Amino acid sequence: MTHRILFVCLGNICRSPTAEAVTRAKAAARGMDLVLDSAGTGNWHVGKPPYALMQEAARARGYDLSPLRARQVLPTDLSDFDRVIVMDADNAADLASFGSTDRVTLFTEYAPSSGATYVPDPYFTRDFEGALALIEDCAEGLLDALEQQAQSNRSDN
Ligand code: 4NP
């Protein structure tokens, strides 16, 4: 069954759409079939494309964010997706008002060697390249974890 992953941040115009596009590109490069989406806990930017400076930083590293449009998290997301991956602890706390957070994990948990415990919000820090580099690390770690999981599922069967 195709694994379904939702990336969540606050506005869905900087970090989570970048996580979606970066993970999609890296999964395709590995030949992995995943369903990926992203959403925000807030509703300010619903229907808008990713933030222009975020798009620019992503494009410089080969990722096209332009087709993406912001949406707000739905309560059903928390059961429809196999994993819900948040950028920081506030996102996780905010998700609790949408439903069970059993499937929620922090993106930085997949990149322990980065030393980061959250993905800083470039909308406020203005460090778009730094956020992108961390997101790339986390995406590789996530895909490694999914490949390992698939391998151990295969050897269990
Ligand atoms: P994001 O960044 O959560 O990474 O999409 C934000 C963008 C905009 C706002 C907050 C966070 N805002 O409050 O408008």
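Order of listing sets the numbers, starting from 1, for every ligand and every atom in it. Just so it is clear, the values below take in all heavy atoms, side chains as well, and ignore hydrogens, waters and symmetry mates. None of these values were measured; they are calculated from a predicted model.
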Report, in ascending order of atom number, the atoms of ligand 1 lying under 4.0 Å from any heavy atom of G11.
1 (P), 3 (O), 5 (O), 11 (C)
Using only heavy-atom distances, determine whether the side chains of D88 and N91 contain a donor-acceptor pair under 3.5 Å.
yes
Ligand 1 to N12, heavy atom cutoff 4.0 Å, flagged ligand atoms 5 (O)
Using modelled atom types and a 3.5 Å cut-off, is there a donor and acceptor pairing between side-chain atoms of T23 and backbone atoms of E20?
no
So is C14 polar-close to ligand 1, meaning N/O to N/O under 3.5 Å?
yes
Would you call E56 and R61 a salt bridge, using N to O less than 4.0 angstrom?
no
Looking only at protein heavy atoms, which one is nearest to atom 11 (C) of ligand 1, and what is the separation?
D121 OD2, 3.0 Å
If the test is side chain to side chain contact (heavy atoms under 4.5 Å, CB included), which one of L95, I5, D77 qualifies with V84?
L95
Ignoring hydrogens, what is the shortest heavy-atom contact between A70 and N12? Give both atom names and the distance.
CA-OD1, 3.1 Å
For ligand 1, is there an N or O atom under 3.5 Å from any N or O atom of H45?
yes
Going by the order shown, which atoms of ligand 1 are within less than 4.0 Å of some heavy atom of I13?
5 (O), 7 (C), 8 (C)
When distances are taken from atom 1 (P) of ligand 1, the protein heavy atom at minimum range is C9 SG, 3.5 Å
For atom 7 (C) of ligand 1, what's the nearest protein heavy-atom neighbour? Residue, atom name and distance, please.
Y123 CG, 3.3 Å
Protein residue, atom and distance nearest to atom 10 (C) of ligand 1, heavy-atom basis:
L10 CD2, 3.7 Å
Please determine, by modelled atom types, if T125 and D127 share a side-chain donor-acceptor pair under 3.5 angstrom.
no
So if I apply the ring pair (Phe, Tyr, Trp, His ring centres under 6.0 Å) rule between F7 and each of Y110, F81, F107, which one comes out positive?
F107
